[in-house]
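Have a look at the structure below, then the notes.
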Amino acid sequence: MDAGIGFELGPELKALREQVGKIIREEIIPIERRIDPDAAEIPEEDYRRIALKTQAAGMWCMGSPKQYGGGGLGAFELCVLSEEMSQHRMGLYNPGAGVFGRTPPPVIWAGTEEQIHKYAVGTLRNAWHTFFAITEPSGGSDPAGAIQCRAVRKGDTYVLNGTKIFISHAHEAEWGVVFARTDPGAGRGGITCFIIEKGTPGFTPRPFRTIRTSAVPCEVAFEDCAVPIERRLGPEGGGLSLCLDLLTRLRFPYSACNIGVGVAALRMAIEHAKHRSTFGELLARRQAVQWMLADSEVELRAARWLTWEGAWKADRKEDARMEASIAKLYSSEVLGRVIDRAVQIHGGYGVSKEFPLERWYREARVRRIGEGPSEVHRMVIARNLLR
Ligand SMILES: Cc1cc2nc3c(=O)[nH]c(=O)nc-3n(C[C@H](O)[C@H](O)[C@H](O)COP(=O)(O)OP(=O)(O)OC[C@H]3O[C@@H](n4cnc5c(N)ncnc54)[C@H](O)[C@@H]3O)c2cc1C
């Protein structure tokens with residue numbers, strides 16, 4: 001009987017996963033061991049050297065469309081690879097230290113051919129940082145209600161005024177996208193997306209520090225910032241629906257990174273438990289420790305299946321919005337629990353900067369807030385169940 005479900009990854013994907021893992025283990029982790037544990041990036045010369053290798057091996061921007069220079073992989077394949085890519089110190093917010101290329105905000109693929117060529121293809125070629133600005137001081141959970149940043153059309157130009165907050169990479173990005181209100185009376189249909197280039201007069205990003213080491217966020221001020229009409233992305237009023245659809249697909253590789261860091265933390269906890277003795281017995285022989293390891297394994301496997309199932313549905317063009325919320329919610333909460341147990345098993349070493357655990361512990365906390373807080377994803381899931 002053909003049950004119609006395959007549990008085996010194809011040989012090509014398995015080989016690619018092995019290659020990605022090898023680069024992380026043999027290239028990225030040794031560099032991270034010799035640099036500042038709080039570094040956001042690896043040194044430029046190392047970055048260039050390894051990026052040339054991944055480009056030559058066809059492992060560059062694997063999730064971006066093929067016709068624009070990407071690898072054309074689907075969400076499922078990207079999940080399998082992202083889990084490997086994130087298994088290093090800076091891997092949660094800088095998977096693979098960027099040596100597999102950098103992805104532009106996915107809304108750009110809804111742009112005109114000129115916009116795609118100038119901004120998306122430029123990013124694929126040059127590994128530019130980009131930004132995605134939706135959150136405002138008035139709130140990020142409910143952008144449809146909270147966005148106050150205004151864009152007023154004057155001839156062939158829009159003039160933007162307002163403030164965005166927590167915008168990752170805005171100070172170092174070549175370009176990014178911002179969502180502003182063009183019609184205050186039209187609710188979610190009154191929000192429009194614009195492309196902002198670095199150095200545009202009236203656009204001022206100010207970086208500030210948070211619990212997270214990588215991908216520093218900024219407060220971004222727009223003060224009479226003139227944006228030509230060619231930099232409007234999509235139709236006027238179409239900003240929010242554009243962004244919510246395209247962001248759904250991103251939630252699967254994002255969740256896979258949560259799983260990858262969890263897997264790496266659990267591997268460290270197992271190794272430590274097998275070598276550390278207290279009161280004349282290895283930690284690995286204590287049931288209290290065994291249960292922490294067992295619970296972590298169970299939860300990581302469950303998170304992986306939820307993520308893979310959702311990605312598989314998204315690749316089949318099925319509606320996977322609820323699955324995206326389930327994967328994001330569960331994987332980020334599991335990540336927090338797994339790292340917490342790994343820190344506990346390591347004792348004092350768990351919070352030492354000698355090991356990546358303390359950085360993962362800090363950065364994992366953001367995963368339950370960024371890309372929509374857990375409560376908002378629960379709300380989306382409940383809404384679907386009760387519809
Ligand atoms: C380090 C970092 C980087 C970020 N990067 C970006 C970025 O690049 N671009 C960007 O646009 N944004 C970014 N964000 C913003 C992030 O998406 C928002 O912080 C998030 O959406 C929550 O918005 P808020 O902080 O305004 O919290 P609020 O919307 O004020 O919500 C506060 C809390 O209220 C609770 N809550 C909210 N709604 C509900 C509800 N319906 N039911 C029950 N409880 C609820 C949740 O616990 C939530 O955490 C970043 C945030 C951080 C911390």
Open item on the list: I want to check a possible cation-pi pair here: R301 against W305, using under 6.0 Å from ring centre and within 45° of the ring axis as the test.
Closed with: no
Measure the [atom1]-[atom2] distance between [X] and [Y] for me, rounded to the nearest 0.5 Å.
| X | Y | atom1 | atom2 | result |
| --- | --- | --- | --- | --- |
| F100 | I23 | CZ | CD1 | 4.5 Å |
| F252 | S331 | CZ | OG | 10.5 Å |
| R212 | Y93 | CZ | OH | 5.0 Å |
| D142 | T135 | CG | OG1 | 11.0 Å |
| E363 | T210 | CD | OG1 | 8.5 Å |
| R49 | E27 | CZ | CD | 5.0 Å |

[X] atom [atom1]: more than 12 heavy-atom contacts under 6.0 Å:
| X | atom1 | answer |
| --- | --- | --- |
| Q344 | CD | no |
| R276 | CZ | no |
| R34 | CZ | yes |
| R337 | CZ | yes |
| Y361 | OH | no |
| E354 | CD | no |

Short side-chain donor-acceptor distance under 3.5 Å, [Y] and [X]:
| X | Y | result |
| --- | --- | --- |
| Y119 | E174 | no |
| T213 | R362 | yes |
| E41 | H129 | yes |
| R359 | S214 | yes |

Does [X] reach the side chain of [Y], with side-chain heavy atoms less than 4.5 Å apart?
| X | Y | result |
| --- | --- | --- |
| M59 | K53 | no |
| F76 | L9 | yes |
| Y349 | M268 | no |

Task: Reference residue R367; test side-chain contact (heavy atoms from CB on, under 4.5 Å); the match among S255, S332, S374 - done: S332
Open item on the list: Which residues end up grouped with L283 if you chain together Ile, Leu, Val, Met, Phe, Trp and Tyr wherever their side-chain heavy atoms are less than 4.5 Å apart?
Closed with: I259, V263, L266, I270, V289, M292, L293, L300, L306, M322, I326, L329, Y330, V334, V338, I345, I381, L385
TODO: Check Y254 against G370 and note the closest heavy-atom contact, atom names and distance.
DONE: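 In this case the closest contact between Y254 and G370 is OH-O, 3.8 Å.
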- [ ] Would you name the heavy atoms of G98 and Y47 that are closest together and state the gap between them?
- [x] O-OH, 2.8 Å
Open item on the list: Looking at S64, is its backbone amide N or carbonyl O close enough to the side chain of W109 to form a donor-acceptor pair, meaning the two atoms are under 3.5 Å apart?
Closed with: no
Task: Heavy-atom donor-acceptor pair, K164 side chain to F179 backbone, under 3.5 Å - done: yes
- [ ] Flag yes if F222 and L233 sit in one hydrophobic cluster, no otherwise; membership is Ile, Leu, Val, Met, Phe, Trp, Tyr, and two members link when side-chain heavy atoms are under 4.5 Å apart.
- [x] no
Task: Same apolar cluster: I134 and V177, side chain cutoff 4.5 Å - done: yes
- [ ] Can you sort out the partners of E44 under side chain to side chain donor-acceptor pair (under 3.5 Å), two or more places apart, ordered by chain and number?
- [x]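 Once residues adjacent in sequence are excluded, the partners of E44 under the side chain to side chain donor-acceptor pair (under 3.5 Å) criterion are R48.
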